[in-house]
Number of protein chains: 2
Amino acid sequence: MSTVDRVERVVIDDLLRGALAPGTRIRQDVLADQLGVSKIPVREALQRLSALGLLHFETNRGAAVPTLSVAEAIENSVLRKSIEVEILRQAIPNMSIVDLAEAELALGNAELGVTESNWAFHRALYQASGWTRGLAMVEILHAAMAPYVLLYIESLGGAEPSESEHRELLAACREGDVERAVRLLTSHLAEASSAVIDFLSMNEARGDDV
Amino acid sequence: MSTVDRVERVVIDDLLRGALAPGTRIRQDVLADQLGVSKIPVREALQRLSALGLLHFETNRGAAVPTLSVAEAIENSVLRKSIEVEILRQAIPNMSIVDLAEAELALGNAELGVTESNWAFHRALYQASGWTRGLAMVEILHAAMAPYVLLYIESLGGAEPSESEHRELLAACREGDVERAVRLLTSHLAEASSAVIDFLSMNEARGDDV
DNA sequence: GAGATAATAATCGTATACGATCGCAGTCAT
DNA sequence: ATGACTGCGATCGTATACGATTATTATCTC
């Protein structure tokens, strides 16, 4: 694993954890010092993330966590739905006991934050697909939404609402019932994202930069 | 537009043109000299492309155009289909005369190579969606397949087979008939990609690195 | 005291520099 | 002649260095 890979992972994990609020600027030499490297590999990692849309570069102002418009949030949700459905279709016939156990584990895991645990669950279900690129795309979409999901959950007081939906979805996967699983995933994603989008719309209407 | 942006565009365009065959290694200082810059922005651009899966970095061996397995080609096709359908749905109600004219123009344009013209046509249809991320994803998938599409067409003797399908699709968009357009796009993509995938399968069976 | 302007400090972007690694050519021993 | 070894050239990865740009503080004027 190269230096650039390590830096990239650190920043992605920070995003998935919600440690980087929208708008946060990333100081290249600070990050470089923290990791004990020079700016060069740091910049290369940031450029990777900007290619994925997880960061935004502005000339002479460096990289920052982009703020999402409502339209972009909707776009992300639609993309997520259509990609995740295809991956799940591909994954279910290939799922092993291990994959299912990993998904189960992610559900109860109190070590992880809400968005981390959520993504760990979904990734566990998808990994049997073997679709490297598709998985990467979905991870990106999760990471891009994470800061806002966190804000939304905070505004709710910290409840994780989709526990039971996750359990149902897991059961359908266990039984190998592709069509039911796809139906459950579709409605689960629709509910989760419409909640966040409504939350975003309210704030956008109020003129908040969130 | 930053230096990194320029370098990135040059390489993506080379890929879409098919100027970079699978397996080609990219020499950083050669490219840097050609563009009159140092290695730093070149490497940053290559890292962006590697994040998108258009290039593959190997430690101490730099970046190279990845060779696609049949499984990956199938994955790309499925992803393309599901993403492009959603974008087209979003785009049709927002299409302007200009978008349609651009698409028409791309069809007949003999200046462009086959894959370039094909992508120009599809992009023209999609741009009205306003979906930045979705468009970027689809462009990536096109660029990843382009080297192989080129090889396939070469093996056929250079014929562009999907002219009439394109015209039908364009007509449906003009009439604003979303469902017909989606049907046409779906079958068009299915045909085009299954041809390339069959071609790839043959070569993989023969043990060619293509 | 408030606002505008100048000086200073932070930060960015990229060129240069250099050690590390890889691949190949030439040499030697068998 | 063939196979292993050594040395050199090419290429990579990253640290350092520096000019350019942006932010911040200090100073001056009204």
Side-chain angles (χ1 to χ4, degrees), chain A residues 1-15 19-67 136 144 147 208-210, chain B residues 1-15 19-67 136 144 147 208-210:
Chain A
M1 189 180 258
S2 77
T3 310
V4 181
D5 290 332
R6 270 198 306 281
V7 181
E8 184 187 22
R9 192 99 298 279
V10 168
V11 180
I12 286 197
D13 287 345
D14 282 354
L15 278 168
L20 300 172
T24 310
R25 276 182 69 180
I26 294 187
R27 297 306 155 93
Q28 301 169 359
D29 22 16
V30 172
L31 189 51
D33 286 350
Q34 279 174 11
L35 302 177
V37 297
S38 82
K39 285 197 319 186
I40 302 295
V42 169
R43 278 183 59 85
E44 292 184 3
L46 298 182
Q47 292 286 4
R48 279 195 192 168
L49 296 173
S50 88
L52 300 172
L54 292 183
L55 295 177
H56 179 73
F57 262 86
E58 221 163 327
T59 316
N60 287 321
R61 304 209 27 163
V65 182
T67 62
D208 295 7
D209 269 0
V210 183
Chain B
M1 189 181 256
S2 77
T3 310
V4 182
D5 290 332
R6 270 198 306 281
V7 180
E8 184 187 23
R9 193 98 295 282
V10 167
V11 180
I12 286 197
D13 287 345
D14 282 353
L15 278 168
L20 299 172
T24 309
R25 275 181 70 179
I26 295 188
R27 296 305 154 90
Q28 301 169 359
D29 23 18
V30 172
L31 188 52
D33 285 350
Q34 278 173 11
L35 302 176
V37 298
S38 82
K39 285 198 319 186
I40 302 295
V42 168
R43 279 184 60 85
E44 292 184 2
L46 297 182
Q47 292 285 5
R48 280 194 192 168
L49 296 173
S50 88
L52 300 172
L54 292 183
L55 294 177
H56 180 73
F57 262 86
E58 221 163 326
T59 317
N60 286 322
R61 304 208 28 163
V65 182
T67 62
D208 295 7
D209 269 0
V210 184

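Letters go in sequence order (proteins before strands), and every chain restarts at 1. Side-chain atoms are counted along with the backbone in the values below, which use heavy atoms only and exclude waters and symmetry mates.
Between the NZ atom of A/Lys39 and the P atom of D/dA15 there is a distance of 12 Å, given to the nearest Å. Going from atom CD of A/Glu58 over to atom C1' of D/dA23 covers 14 Å, rounded to whole Å. Per the geometry, CD1 belonging to B/Ile40 stands 16 Å off C1' belonging to D/dG19, to the nearest Å. Protein atom CD of B/Glu44 is 16 Å distant from nucleotide atom C1' of D/dC12, rounded to whole Å.
Taking all atoms of both residues into account, the shortest heavy-atom contact from B/Val37 to B/Val42 is CG2-CG2, 3.9 Å.
No side-chain heavy atom of A/Leu35 sits less than 4.5 Å from a side-chain heavy atom of A/Arg6.
Within 4.0 Å (heavy atoms only), B/Thr3 reaches sugar-phosphate atoms of the nucleic acid but no base atom. No engagement by B/Gln47 is indicated, since no non-hydrogen atom pair under 4.0 Å with the nucleic acid exists.
Using a distance-only test at 3.5 Å, with no hydrogens or angles considered, a donor-acceptor pair links the side chain of A/Arg25 to the main chain of A/Arg61. Without hydrogens or angle criteria, A/Asp5 side chain to A/Ser2 main chain gives a donor-acceptor distance under 3.5 Å.
In the set D/dC12, D/dA15, C/dG13, D/dC12 carries the atom at the smallest distance from any side-chain atom of B/Arg43. Picking from C/dA15, D/dG13, D/dT14 the nucleotide with the shortest atom distance to the side chain of B/Ser38 gives C/dA15.
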Tabulated below should be each protein N or O lying under 3.5 Å from an N or O of nucleotides 8-11 of chain C; please produce it.
residue	atom	partner	partner atom	Å
C/dT11	OP1	A/Arg27	NH1	2.7

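Residues B/Thr59 and A/Thr59 both approach DNA chain D. Their nearest nucleotides, taken by heavy-atom distance, put B/Thr59 toward the 5′ side.
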Inset, instruction - Under the side-chain contact (heavy atoms from CB on, under 4.5 Å) rule, what do B/Leu54 and B/Val11 come out as? Steps first, then yes or no, please. - result: CA-CA 10 Å; B/Leu54 292 183; B/Val11 180; over 6 Å; no
Inset, instruction - Let me see the working for A/Glu44 and A/Arg48 under side-chain contact (heavy atoms from CB on, under 4.5 Å), right down to the final yes or no. - result: CA-CA 6 Å; A/Glu44 292 184 3; A/Arg48 279 195 192 168; over 6 Å; no
